[in-house]
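Report on the structure given below.
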There are 2 protein chains.
Amino acid sequence: MIRQLIDRIQKTNAPVCVGLDPMLSYIPDHVTEKAFHELGETLEGAAEAIWQFNKEIVDHVYDLIPSVKPQIAMYEQFGIEGLKVYDRTVKYCQEKGLIVIGDAKRGDIGSTSAAYAMAHIGKVKVGSKILTAFHTDFLTVNPYLGTDGIAPFVDVCKEEDKGLFVLVKTSNPSSGEFQDRLIDGAPLYEHVAKKVVEWGADCMDGTYSNIGAVVGATYPEMSAVLRKLMPNTYFLVPGYGAQGGTAEDLKPCFNKDGLGAIVNSSRGIIAAYKQDAYKKFGPEHFGEASRQAVIDMVSDINRVL
Amino acid sequence: MIRQLIDRIQKTNAPVCVGLDPMLSYIPDHVTEKAFHELGETLEGAAEAIWQFNKEIVDHVYDLIPSVKPQIAMYEQFGIEGLKVYDRTVKYCQEKGLIVIGDAKRGDIGSTSAAYAMAHIGKVKVGSKILTAFHTDFLTVNPYLGTDGIAPFVDVCKEEDKGLFVLVKTSNPSSGEFQDRLIDGAPLYEHVAKKVVEWGADCMDGTYSNIGAVVGATYPEMSAVLRKLMPNTYFLVPGYGAQGGTAEDLKPCFNKDGLGAIVNSSRGIIAAYKQDAYKKFGPEHFGEASRQAVIDMVSDINRVL
């Protein structure tokens, strides 16, 4: 799976990923009004607004990028109706040739992680039938429970040629509270990084492993250390743009081959039309604003590579 | 919310929680066959089997216990259809007077945790309406991202009188891989415990805080330390029974007032009819087997308190 991702990154010359994390406040009024008019101010109405918003953005950017990362929480907040649109968005993006990273940060004890793995990247047996539930290409997972909480995901990656991004060093302000604490002289995130390398050693797909790591753009010195510790691990890098990470901050996430990282931007792309730089497009043309924001993001990143 | 839970624990004299974590392999053939006959070997058929299974168990145990803990992963693996049954199960249990602990172990950066909090214990604004998505009384959450990943959940607990159980020391075999590593002379789980106390200080609801902790039954020496570190924190204790924890192991999780912990059992209760001790009930009477297993669990635990 990581080979497919790299292939598309090289074809598009865009090591980026658009975070489809729609908040209702990002969606232009004409879209929500139409959805509410049809379905009321209901969970269904909200879900429909999100779907129309997502579709317009995907239609405007899919040819420029290798992948998208829908954040499942933004759909889960609208319950079943929201999750239907998550599923619909995943499938639509895959039809458009995009690699889909399900941002779910799941993780639990072994038997439960196995259920999550089936839910999101694997298959589930029902009687004599083998079915799929949600079905993304990659999934983000949380390592707090250790190896037996991650192993079931890794097993499914091997069987189904899927991939993971394990949280190592996250982009949020208080990520250091536990992740940076020193254990035998090295921060916790380095210990997690070593485990990620171990978990991924058996999942190589070309030069890189299908088991990747989440490494926030907001802590570039730490990214540099992690890049050395995990030479064959792909990094999913959140935190660029709206969260404060700059293109310069991203540099240490990449290897000398220009590969090794895929940078996510959510708000900066999907709510571009609200930014001064893209206001000229107007809310009616929010898809075009997102397209321009992707073009600008790609050139900003390629400038430093 | 914790006061309501304690109240029901005292009324039932049962500091226990039944884990509604249905795997298809736990469900008696006559239940799955009926569901597959009606709806096919489909996600819908699987979901229907789970619903019938859950309902029968809840109907047989609801008067004996204060609460249930559905593990959302077991529903998520059947996609939208599975999640509909999660929602239906939550609502049914609440109608039966049970407190519902959503075992979802969510956690992310602030804005995303806020969406998860709305999804599971809060409310979501859609236009001028305030709606609910999933709606449990407590939620389990993962602390790896630190304070800003937990704060949005805590805020919702304050607004809505809901509760959390934050993963501190989990029951699985490799939980020690990161959780037990020493930081300034104390294991990571103790540092997390201190933060849980901090997060919960502002959420007191009587003697205990609405912000609880997950502390596995399988490591009793560690439970004893955590009990002292977190005197006003309720523990949700997984790992009893099928995972290896005994009643004696549970003792250190409780305070001298006989309160402070609620012990979960999933497989041991819901698949009781498969155990030698309850085989006499037969698969047709699996609900009665579960009822007897609850009675036995309660007396086993009360014996050591």
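FYI, side chains are in, hydrogens and waters are out, and symmetry mates aren't considered; it's all heavy atoms of this structure. It should be emphasised that the depicted structure is a prediction, and the values quoted were computed from it without experimental measurement. The sequence lines fix the lettering, A, B, ..., with proteins before strands; numbering per chain opens at 1.
When A:H191, A:H120, A:Q179, A:M118 are compared by the number of non-hydrogen pairs under 4.5 Å with chain B, A:Q179 comes out ahead. In terms of heavy-atom pairs under 4.5 Å with chain A, the best-connected choice from B:D87, B:N142, B:L24 is B:N142. Top candidate by heavy-atom pairs under 4.5 Å with chain A, chosen from B:S175, B:S128, B:G110, B:A46, is B:S128. For the set B:I80, B:T42, B:I109, B:T170, the entry with the most heavy-atom pairs within less than 4.5 Å of chain A is B:I80. Looking only at heavy-atom pairs under 4.5 Å with chain B, the residue among A:T132, A:T112, A:T140 that has the most is A:T112. Counting heavy-atom pairs closer than 4.5 Å to chain A, the top-ranked of the candidates B:S171, B:G176, B:S174, B:A117 is B:S174.
Atoms CD and CG, from B:E76 and A:L83 in turn, are 7.5 Å apart once rounded to the nearest 0.5 Å.
Here the shortest heavy-atom pairing between B:D184 and A:R181 reads OD2-NH2, 3.0 Å. The shortest non-hydrogen separation linking B:G127 to A:E41 is CA-OE2, 3.7 Å. When all heavy atoms of B:Y144 and A:Y189 are compared, the closest pair comes out as OH-CA, 4.3 Å. Considering every non-hydrogen atom in both A:M74 and B:S111, the closest pair reads CE-O, 3.9 Å. Considering every non-hydrogen atom in both A:G79 and B:A133, the closest pair reads N-CB, 3.4 Å.
Counting only heavy atoms from C-beta outward, the side chains of A:L145 and B:E177 never approach each other to under 4.5 Å. Considering only heavy atoms from C-beta on, A:F78 stays 4.5 Å or farther from B:L131 through its side chain. At least one side-chain heavy atom of B:F178 sits under 4.5 Å from a side-chain heavy atom of A:K195.
Neither the backbone nor the side chain of B:P238 comes within less than 4.5 Å of any heavy atom of chain A.
A donor-acceptor pair is defined here as one N or O able to donate and one able to accept, closer than 3.5 Å; no such pair exists between the side chain of B:Q77 and the backbone of A:A115. Remark: side-chain polar atoms of A:Y116 are not paired, donor with acceptor, to backbone N or O of B:I72 under 3.5 angstrom.
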